[in-house]
Peer 1: 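I have a structure I would like to understand better, so I am pasting it below and will then ask my questions one at a time.
Computed from a predicted structure; not experimentally measured. All ligand and atom numbering here is 1-based and tracks the order in the structure.
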Amino acid sequence: MAAVEIRDVRKAFGATPVIHGVSIDIQDGEFVILVGPSGCGKSTLLRMIAGLENITGGEIRIGDRVVNNVPPKERDIAMVFQNYALYPHMTVAENMGFSLKLRRAPKAEIQERVNRAAQILGLTQLLDRYPRQLSGGQRQRVAMGRAIVRDPQVFLFDEPLSNLDAKLRVAMRTEIKELHQRLKTTTVYVTHDQIEAMTMADKIVVMHDGIVEQMGAPLELYDRPDNLFVAGFIGSPAMNFIKGRIEGQGFVSDGGVTLPLARAPQGATGRRAIYGIRPEHFRLSGDGVPVQVVVVEPTGSETQVFVEAGGQEITCVFRERVTAKPGETIRIAPEPALVHLFDEQTGRRLTA
Ligand SMILES: Nc1ncnc2c1ncn2[C@@H]1O[C@H](COP(=O)(O)OP(=O)(O)OP(=O)(O)O)[C@@H](O)[C@H]1O
Ligand SMILES: [Mg+2]
């Protein structure tokens with residue numbers, strides 16, 4: 001196992017810069033997830049760690065070694081890709097042992113390592129099958145098995161679950177997390193799925209257009225997003241953003257709706273801002289703000305209610321059941337302590 005240190009790393013394809021100076025410290029044994037919208041540079045950064053892309057600027061260290069010019073096979077990493085690309089003419093056991101065979105490891109050692117990985121992954125009964133005889137989830141596990149047998153310093157995953165159906169994805173998420181708790185191998189995992197990031201990571205790195213917007217523990221990002229981008233990206237359904245201005249101890253939306261603040265920033269009256277409130281941070285309350293119901297979506301465990309107030313659409317999630325019909329008025333109260341304020345120009349969090 002090893003720590004990974006990414007120092008002011010840049011990448012340009014020809015004249016086009018795509019990574020603009022990214023620094024991330026990954027502790028030994030940590031599970032770090034790079035998350036962000038399509039094209040933000042997640043795979044490129046991962047491929048630079050793996051050595052599959054050269055580094056335009058900055059430095060990457062694995063353990064105490066600068067690896068900028070170290071070829072992939074000497075970096076002691078194992079990568080699992082989205083299309084896990086198993087060899088179709090090899091059995092599960094042969095697929096898993098192939099990299100060791102290439103390295104001319106002794107047969108007995110290969111067998112032992114393959115058996116151990118198979119046991120960890122619940123593949124022992126499937127070792128003699130061919131990839132075509134496996135389900136998608138089983139194939140994904142074989143791909144992980146190939147990485148595990150190499151016992152690398154670092155695992156790199158690039159969207160390994162995106163080919164699986166929703167239910168299997170959830171199951172595999174738990175399996176990968178459990179696997180990491182058992183093996184404690186330093187892991188860098190790329191996804192564009194913020195739920196995957198929230199549920200699996202020790203640390204999330206939110207990327208956007210080739211920069212890091214924020215990094216931290218999942219709940220730190222959820223509780224205290226640094227800016228509008230992170231606030232809107234982490235959490236599902238997404239945080240509501242309401243434009244308006246700070247007035248005394250409250251907030252008045254552009255549509256004229258008054259909303260509570262726990263404490264307004266000093267001397268901020270009249271200042272324009274964006275009021276951020278997560279759907280799950282509203283309560284139904286007799287003295288709340290009157291809003292008009294647009295759509296009610298019960299999921300069983302909770303109810304999503306889309307409402308309108310002062311020309312603004314707001315999404316609410318309630319644990320209790322809501323019987324109101326579209327067109328009716330309900331009263332909702334934001335939890336003032338859980339409100340976020342952002343600067344309208346820069347999108348940065350305003351610390352109240
Ligand atoms: N070989 C290449 N040549 C030129 N541009 C590239 C190359 N590979 C990637 N890019 C560009 O670099 C940027 C980052 O791409 P990257 O594949 O890292 O994004 P990503 O965050 O992994 O996106 P996705 O979620 O869609 O996989 C994109 O704008 C992409 O078009
Ligand atoms: Mg990618």
Peer 1: Angle between ring planes, Phe157 versus Tyr189, binned at 30° and 60°: parallel, tilted or perpendicular?
Peer 2: tilted

Peer 1: Can you pull out the closest protein heavy atom to atom 23 (O) of ligand 1? Residue, atom name and distance to 0.1 Å, please.
Peer 2: Gly39 N, 2.8 Å

Peer 1: Among all the protein's non-hydrogen atoms, which is closest to atom 17 (O) of ligand 1, and how far away is it?
Peer 2: Ser43 CB, 3.8 Å

Peer 1: For atom 25 (O) of ligand 1, find the nearest protein heavy atom and state the residue, atom name and distance (0.1 Å precision).
Peer 2: Lys42 NZ, 2.8 Å

Peer 1: Does Glu53, backbone or side chain, put an N or O under 3.5 Å from an N or O of ligand 1?
Peer 2: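 Min N/O separation from ligand 1 is not below 3.5 Å for Glu53.
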
Peer 1: Check for me whether the distance between the ring centres of Phe318 and Phe282 falls short of 6.0 Å.
Peer 2: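 No, too far apart.
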
Peer 1: I'd like to know if the Mg ion (ligand 2) has an N/O/S atom from Ser38 within less than 2.8 Å of it, counting both backbone and side-chain atoms.
Peer 2: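 It does not; every qualifying atom lies at 2.8 Å or beyond.
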
Peer 1: Hey, is atom 31 (O) of ligand 1 touched by any protein heavy atom at less than 4.0 Å?
Peer 2: no

Peer 1: Tell me: protein heavy atom nearest atom 24 (P) of ligand 1, and distance?
Peer 2: Ser38 OG, 3.7 Å

Peer 1: Scan side-chain atoms only and decide if Ser43 and Asp158 contain a donor-acceptor pair under the 3.5 Å cut-off.
Peer 2: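 Side-chain D/A pair, Ser43 to Asp158: present.
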
Peer 1: On the six-membered ring of Phe155, is Arg150 placed so that its NZ or CZ lies under 6.0 angstrom from the centre and within 45° of the ring axis?
Peer 2: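 The answer is no; the distance or angle limit is not met.
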
Peer 1: Closer than 4.0 angstrom, basic N to acidic O: yes or no for Asp8 and Arg10?
Peer 2: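 Salt bridge present between Asp8 and Arg10.
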
Peer 1: Any salt bridge linking Asp25 with Arg7? Criterion: basic side-chain nitrogen under 4.0 Å from a carboxylate oxygen.
Peer 2: yes

Peer 1: Does ligand 1 come near enough to His192 that some N or O of the ligand is less than 3.5 Å from an N or O of the residue?
Peer 2: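 Between His192 and ligand 1 (N or O atoms, distance only) the closest approach is not under 3.5 Å.
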
Peer 1: Using a 3.5 Å cut-off on N or O atoms only, is Cys40 in polar contact with ligand 1?
Peer 2: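 It does: an N or O of Cys40 is found under 3.5 Å from an N or O of ligand 1.
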
Peer 1: Among all the protein's non-hydrogen atoms, which is closest to atom 10 (N) of ligand 1, and how far away is it?
Peer 2: Phe13 CE1, 3.4 Å

Peer 1: Any salt bridge linking Asp343 with Arg271? Criterion: basic side-chain nitrogen under 4.0 Å from a carboxylate oxygen.
Peer 2: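 Yes, this pair counts.
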
Peer 1: Please work out whether any backbone atom (N, CA, C, O) or any side-chain heavy atom from C-beta onward of Met207 is under 4.0 Å from ligand 1, and answer side chain, backbone, both or neither.
Peer 2: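 Looking at Met207 and ligand 1, no heavy atom falls under 4.0 Å.
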
Peer 1: If I apply the N/O under 3.5 Å rule, does Gly41 come out as touching ligand 1?
Peer 2: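 N/O-N/O distance below 3.5 Å exists for this pair.
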
Peer 1: In the protein, what heavy atom is nearest to atom 18 (O) of ligand 1, and what distance, to one decimal place, separates them?
Peer 2: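 Looking only at protein heavy atoms, the one closest to atom 18 (O) of ligand 1 is Thr44 OG1, 2.5 Å.
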
Peer 1: With Lys243 as the cation and Phe241 as the aromatic partner, state whether NZ or CZ is under 6.0 Å from the six-membered ring centre and within 45° of the axis.
Peer 2: no

Peer 1: Side chain, backbone, both or neither: which part of Val18 has a heavy atom under 4.0 Å from ligand 1?
Peer 2: side chain

Peer 1: Going by the side-chain hydrogen bond (donor to acceptor under 3.5 Å, both in side chains) test, name the single residue among Arg245, Gln312, Arg272 that passes it with Asp254.
Peer 2: Arg272

Peer 1: Between Gln292 and Thr329, is there a side-chain donor-acceptor contact under 3.5 Å, judged purely by atom types and distance?
Peer 2: no

Peer 1: If the cut-off is 4.0 Å to any non-hydrogen atom of Glu159, which atoms of ligand 1 fall inside it?
Peer 2: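 In order of number, 25 (O).
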
